[in-house]
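A short write-up of the structure that comes next.
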Number of protein chains: 2
Amino acid sequence: MSDETPATLYDVAREAGVSLATASRSLNGSSRTVNGQYRDRVLAAAAKLGYTPNLSAQAVARGASSTVALLVSDIADPYFSAIAAGVVKQAAEAGLAVTMAVTDRDTDREIELVRMLRGQRPRVIVLAGSRYTDETARDTLVAELEAFTRTGGHVVLISQHELPFDTVEVDNAGGARALADALSGLGYLAPAILAGPENLVTARDRVTAFAAGLAPVAVVHGAFTRTGGYDAMNSLIDGGLHGVDLVFAVNDVMAIGALSALRDRGIDVPGRVGVAGFDDVSTARDVWPALTTVRVPLEEAGAASVALALGARGGPVSVVPATVVLRGSTPRR
Amino acid sequence: MSDETPATLYDVAREAGVSLATASRSLNGSSRTVNGQYRDRVLAAAAKLGYTPNLSAQAVARGASSTVALLVSDIADPYFSAIAAGVVKQAAEAGLAVTMAVTDRDTDREIELVRMLRGQRPRVIVLAGSRYTDETARDTLVAELEAFTRTGGHVVLISQHELPFDTVEVDNAGGARALADALSGLGYLAPAILAGPENLVTARDRVTAFAAGLAPVAVVHGAFTRTGGYDAMNSLIDGGLHGVDLVFAVNDVMAIGALSALRDRGIDVPGRVGVAGFDDVSTARDVWPALTTVRVPLEEAGAASVALALGARGGPVSVVPATVVLRGSTPRR
DNA sequence: TTGTATGCGTTATCAT
DNA sequence: ATGATAACGCATACAA
């Protein structure tokens, strides 16, 4: 409740009886070397005063901050929290702090947040979660991001390489197709697809690729969330399951919602229908029956995004694999 | 790849043909009013140049940044990601950005991170996850935190009120005791406790309070994670379950790990033993059998932490309730 | 090697 | 109401 003011470098210099410059050189990793005597005195003074460099001031003086900005749809969603974990880890390795913002899946909000984050002058802006197919919002976002890269910033997207920036691409098509093939091989014939939002690119890619391998008898859209899956599943049930022997939800949280709906309606899984998801979120193996899905190395993807931005080179696109994981929710038919 | 430099306020002023001061006053929420004509010209110039205020510079000039620092043990853990969601939401409401760091449950790392975060001169530092009972680390941490508050910063802990700072307290004792009573009422007689780390305060409080209501026949320690629960459960099984009719894990992720171990070993849940956790993490209801637990409003707690720090007043401690949620994993005996 | 002085992008105080 | 100008805390080019 008192109100001292944080110790400044100037305070430290005075306490140590040296100049501002020497203090600065002693405390940060300057290339210049300083007399051991002085250095020790400065360090002692800094410790005594509880000095911590003012990062904002450093950023202003250096013309560049040491932060990574991360934008996610919903940090409570295990998909994004796994990515965030990777981003934070890799950023920490590079001595960078992470400032995080959440869009709530709102395109306008996303643009607004990018503007705000740009103000931090971060080294990198990572956008996780894929874009919606909205022409004008897309253009505004791109313009904003281009303004950022034009001034030396790095932008990395995690999803599809549909925007002109570096991206860590998830092999949605390959994974979805492989899943369809695997399930087809297990004897599944008539899948219903819980397809997510109609205008979400990631969702569409997964639907299309899956359908190419195993033609769906029903496709129902809904939110990309647990509740979305729950509701979509219910409306599917309401419409009559007919011959459906498999439910493919385009992501795990939706699949988990579907599982919940099926349970509530007394429909046996996997006896009556099999269920599959996508992402291999950490809880996929803990639900019952354990969820068949397509594993995406989320944490690696997050780490890769900042590595890609910081790395000397490596090409603008880094693809993370998507591999099928068969579990109890889809036994052989 | 080009290398322009971001537009500065000076650029905007020049473009609009006004002084630096008027440009500043037009662009930020200054109390001073400025001629509409000028204001419009400045806004137009800013838009044309794609100007974004340099937040670091603002922070230096104002002497205070507009960020909230958040420290968690592991952002991929649903417990912490739920808290993070609340923090981010409430911070956004106050126009504050959130910079996040993860300790990996390492006390030394935590101290290191607090120092680094202090450098941001955030308005608030939120520490989620409870302290370990290590005397000297504790003192160092407290000293660091006190240096921060002494210079006008707010510190909020989420856990127990064991450190001399504002805290959002989880009613661990009340919840654990209520759980013990409820399970006792259901006919459970011989619980084993998966107790988490020996020196983790939160874990200890839960164990103690539960034990007071329902004396355990076994207590085994382990990490506060899914793996910790898995391993602890296995060693419990190895030792022989004897008369154990209930497993109480001090948090949900451990309980979920235990569920997995029980399944792997072919022990029927809830037929042979009931299982209960603590926190009511979002996936607790999706596992099988659905997990009996103690609900802690995590997101609310996160939001409350920044509200507490920013709020005019409200006392140094804000308690969030912990209420028993009975589910399928603990049927009546 | 050390110190002096200037600049970084903003805000805020002071005249005007 | 507007415009110079001095801070803010730090880094660094330059001089000593």
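So that the names make sense, note that chain A is the first sequence line, chain B the second, and so on, each numbered from 1.
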Closest non-hydrogen contact found for I111(B) with A137(B) is CD1-O, 3.6 Å
Considering only heavy side-chain atoms of N54(B), the closest of dA11(D), dT10(C), dG9(D) is dT10(C)
In this structure, CZ of F165(B) is separated from CD of E146(B) (nearest 0.5 Å) by 4.5 Å
Would you list the atom pairs, donor with acceptor, under 3.5 Å between side chains in residues 76-96 of chain B and any protein atom, with sequence neighbours excluded?
residue : atom : partner : partner atom : Å
D77(B)  : OD1  : Y79(B)  : N            : 2.8
D77(B)  : OD2  : R105(B) : NH2          : 3.4
S81(B)  : OG   : P78(B)  : O            : 3.3

- Item | Any side-chain donor near an acceptor of the partner, S56(B) and Q120(A), under 3.5 Å | no
Looking only at dA11(D), dT11(C), dG9(C), the nucleotide nearest the V60(B) side chain is dG9(C)
note: L9(A), atom CG; dT4(C), atom C1'; distance rounded to Å ~ 15 Å
When rounded to whole Å, the OH to P distance for the pair Y10(B) and dG3(D) reads 13 Å
Review point. Just by distance, do the side chain of D11(A) and the backbone of T8(A) share a donor-acceptor pair under 3.5 Å?
Key: yes
Per the under-4.0 Å heavy-atom filter, residues of residues 36-53 of chain A near DNA chain D come out as Y51(A), P53(A)
Ranking dT10(C), dT11(C), dG3(C) by distance to the side chain of R25(A), first place goes to dG3(C)
Regarding S26(B) and R39(B), is there a side-chain donor-to-acceptor distance under 3.5 Å anywhere?
-> no
In numerical order, the residues of residues 12-22 of chain A whose heavy atoms come under 4.0 Å of DNA chain C are V18(A), S19(A), A21(A), T22(A)
Review point. How about E169(B) and S159(B): does a side-chain donor come under 3.5 Å of a side-chain acceptor?
Key: no
On a heavy-atom basis, the closest approach of V126(A) and V124(A) is CG2-CG1, 3.9 Å
Next on the checklist: So does V18(A) get a backbone contact from the side chain of T22(A), meaning a donor-acceptor N/O pair under 3.5 Å?
Outcome noted: no
N28(A) CG to dG9(D) P, in whole Å, measures 17 Å
Here the distance between atom C1' of dG9(D) and atom CG of L55(A), to the nearest Å, is 12 Å
Here the residues of residues 113-121 of chain A within 4.0 Å heavy-atom distance, strictly under, of DNA chain C are none
T167(B) (side chain) donor-acceptor with L163(B) (main chain) under 3.5 angstrom: no
### Q58(B) side-chain N/O to dG9(C) phosphate OP1/OP2 under 4.0 Å
no
Whole-Å distance, R62(B) CZ to dC8(C) P, equals 21 Å
As a check of understanding: the bend across the helix from dG3(C)-dC14(D) to dT16(C)-dA1(D), end axes from five pairs, rounded to 10 degrees, works out to 40°
Check: Under the salt bridge (Lys or Arg N to Asp or Glu O under 4.0 Å) criterion, do E112(A) and R109(A) qualify, and how do the steps go?
Finding: CA-CA 5 Å; E112(A) 189 181 330; R109(A) 176 103 182 105; 3.3 Å; yes
When every non-hydrogen atom of G302(B) is compared with those of I158(B), the smallest separation belongs to CA-CD1, 4.1 Å
R121(A) and S65(A) have their tightest heavy-atom pair at O-OG, 2.9 Å
Could you list the donor-acceptor pairs under 3.5 angstrom formed between side-chain atoms of residues 40-48 of chain B and any protein atom two or more places apart in sequence or on another chain?
residue : atom : partner : partner atom : Å
R41(B)  : NE   : A16(B)  : O            : 3.2
R41(B)  : NH2  : A16(B)  : O            : 2.9
K48(B)  : NZ   : E15(B)  : OE2          : 2.9

